[in-house]
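One structure is given below, encoded as structure tokens.
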Number of protein chains: 2
Amino acid sequence: MTESTRESTRDRLVSAAYDLFDERGYDATTVEAVAERAGVGRTTFFRAFRSKDDVVLPDHAAVLARVAARLDAVAATAPPAAVATGVVEAAHLVLAHYLAEGDRARARYRLTRTVPALRQREVAGLQAYQRLFREFFRGRVGDGEAGEVRAEVLAAGVVTAHNHVLRRWLRTEEVGSSETTAALDRALADVLRLFAPAPGGGARVVVLEADGDVDDVVREVRAALEP
Amino acid sequence: MTESTRESTRDRLVSAAYDLFDERGYDATTVEAVAERAGVGRTTFFRAFRSKDDVVLPDHAAVLARVAARLDAVAATAPPAAVATGVVEAAHLVLAHYLAEGDRARARYRLTRTVPALRQREVAGLQAYQRLFREFFRGRVGDGEAGEVRAEVLAAGVVTAHNHVLRRWLRTEEVGSSETTAALDRALADVLRLFAPAPGGGARVVVLEADGDVDDVVREVRAALEP
DNA sequence: GCCGTCATGGTACGCAGTACCGATGACCGA
DNA sequence: TCGGTCATCGGTACTGCGTACCATGACGGC
């Protein structure tokens, strides 16, 4: 059988699975029932998907690979601005995929909310993204043990912020895509700013908010830096 | 009563499981074999543990409850210093549990590294901690949508930093407990400092590193704050 | 037309997890 | 001491996921 028809059976299996999960629920739906509705045998299902829950997240690997490719495109010596751009654009890749999916993404969200096995599966998927970003940040946010921790924490922050915005979109139906994109940018900027290296290179200072007097802030900085 | 029956059935099952997992591997060990070595029936195993992988993380729920209790002890109006202390002490509870476990914790680490199902289970456990810290930080690190994101990102940072230090201890055998405790404090301070509100209340400034001249830093702060 | 090659589907099996039920034994009041 | 009650245990049977194996048929090269 050719490649195109193999893909179509895969798609038919996904559609059949989502339909049945919606009708009877995840646990009450057997793999055999999904295969039967898709018009294939049970064996074919397990050839297309490694497990029953794999059919719920069919293109996780593909999106992950696209994110990895976008991050790989950033040179090791890239300046901070290019690093930030790479992160933001990688995040946009994921968001764009969800926005394109539309209703199916929302159906999956409902499933992962209610079925513990699928929730675990989804969290494991997030972990894969986090590992990607951790490797990406390694060496870019400091050296030594502190740098390692910072890279991992930053990666967790990026993934968490993205996931937060994504969940917000999935939860509420009236939020537009442009609004969601803007919210993602804001959230990512909030996270990335925390770890932004200072232009001078000697010290790293982050100003989160500046409602008070500037002199107070300066005094505070001096107190923190001078022994 | 003999020595073996004085130990609770649950503990006997855990020991039998870890022994067999070490001898034959996780997948090659059946629940029936574990129950048989523990001297009980298969039904009793499933009465003590909800699933096969539950026996690998037997006191996850207990440690989680202790952490929750420690965080609950922090008043909603507690000052930032008390908030930070609560977080650090809660993290120390988890670390202390691992240090007390010793070899079993290392055996579990090896298992979670090699068996995919157990790795998924472990990250799901981390998610539970993260949810706890998220609720704890909610309302303490800002209001509105930005505050929500920040609470979740901060929770992810705390859990990630803790997990990083913990994994480092699990990986290398020569690291002492006091050294690990110090590393945990450092890592948590690094994370918490990012979100620490300024004492003055008007501005928030974070000094991550200060290798350069103090005047340079001050100039930088002024440049960032003054429009 | 004949023969590899590969996707398919069917069969059988192991094992996790659940439901049910009878047996055992501890505890307690009479 | 006896009998009743109740909880815990172990055994049995069942569903369903996931895997291994094998026969079949379609396709393409020779």
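The model shown is predicted, which means the values in this text are computed figures rather than measured ones.
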inquiry  = A side-chain contact here means heavy atoms from C-beta on lying under 4.5 Å apart; do B:Leu184 and B:Trp169 qualify?
reply    = no
ask   = Is a donor on one side and an acceptor on the other found under 3.5 Å between the side chain of B:Tyr18 and the backbone of B:Val56?
value = yes
key: A:Thr29 backbone acceptor or donor facing A:Arg24 side chain under 3.5 Å   = no
Estimated bend of the helix from C:dG1-D:dC30 to C:dA30-D:dT1 (axis per five terminal pairs, rounded to 10 degrees) = 0°
inquiry  = Determine whether the aromatic ring centres of residues B:His162 and B:Tyr98 are separated by less than 6.0 angstrom.
reply    = no
request  = Could you state the atom-to-atom distance from CZ of A:Phe46 to P of C:dC13 in whole Å?
outcome  = 18 Å
query = So what does A:Arg50 touch, heavy atoms closer than 4.0 Å: a base, only the sugar-phosphate, or nothing?
reply = sugar-phosphate
inquiry  = Within the 4.5 Å heavy-atom criterion, are B:Glu148 and B:Glu152 side-chain neighbours or not?
reply    = no
task = Check whether any side-chain N or O of A:Thr44 sits under 3.5 Å from a backbone N or O of A:Val40 as a donor-acceptor pair, and report yes or no.
result = no
query = Can you name the side chain to side chain contact (heavy atoms under 4.5 Å, CB included) partners of A:Ala84, sequence neighbours left out?
reply = A:Leu192
message = Could you tell me how far apart B:Lys52 (NZ) and C:dG14 (C1') are, to the nearest whole angstrom?
response = 11 Å
task = In whole angstrom, give the distance that lies between atom CZ of A:Arg47 and atom C1' of D:dC17.
result = 16 Å
ask   = Is the closest side-chain heavy-atom distance between A:His164 and B:Glu145 below 4.5 Å?
value = yes
task = List in numerical order all residues of residues 13-41 of chain A for which some heavy atom is under 4.0 Å away from an atom belonging to DNA chain D.
result = A:Thr29, A:Thr30, A:Val31
ask   = Once you round it to whole Å, what is the distance between C1' of D:dG18 and CZ of A:Phe45?
value = 11 Å
message = Let's test your reading of the model: under 3.5 Å, does the base of D:dG16 pair with the side chain of A:Arg42 as donor and acceptor?
response = no
query = Whole-Å distance between C:dA16 C1' and B:Leu118 CG?
reply = 14 Å
ask   = From D:dC9, C:dG17, C:dG9, pick the nucleotide closest to the side chain of A:Thr43?
value = C:dG9
request  = Would you confirm whether B:Lys52, through its side chain, and B:Phe46, through its main-chain N or O, come within 3.5 Å as a donor-acceptor pair?
outcome  = no
ask   = Looking at D:dG18, does its base get a donor-acceptor pair with the side chain of A:Ser51 below 3.5 Å?
value = no
task = Can you tell me the distance, in whole Å, between the CZ atom of B:Arg121 and the C1' atom of C:dG17?
result = 13 Å
Atom pair distance, as rounded to whole Å: CG in B:Asp54 and C1' in C:dT18 = 15 Å
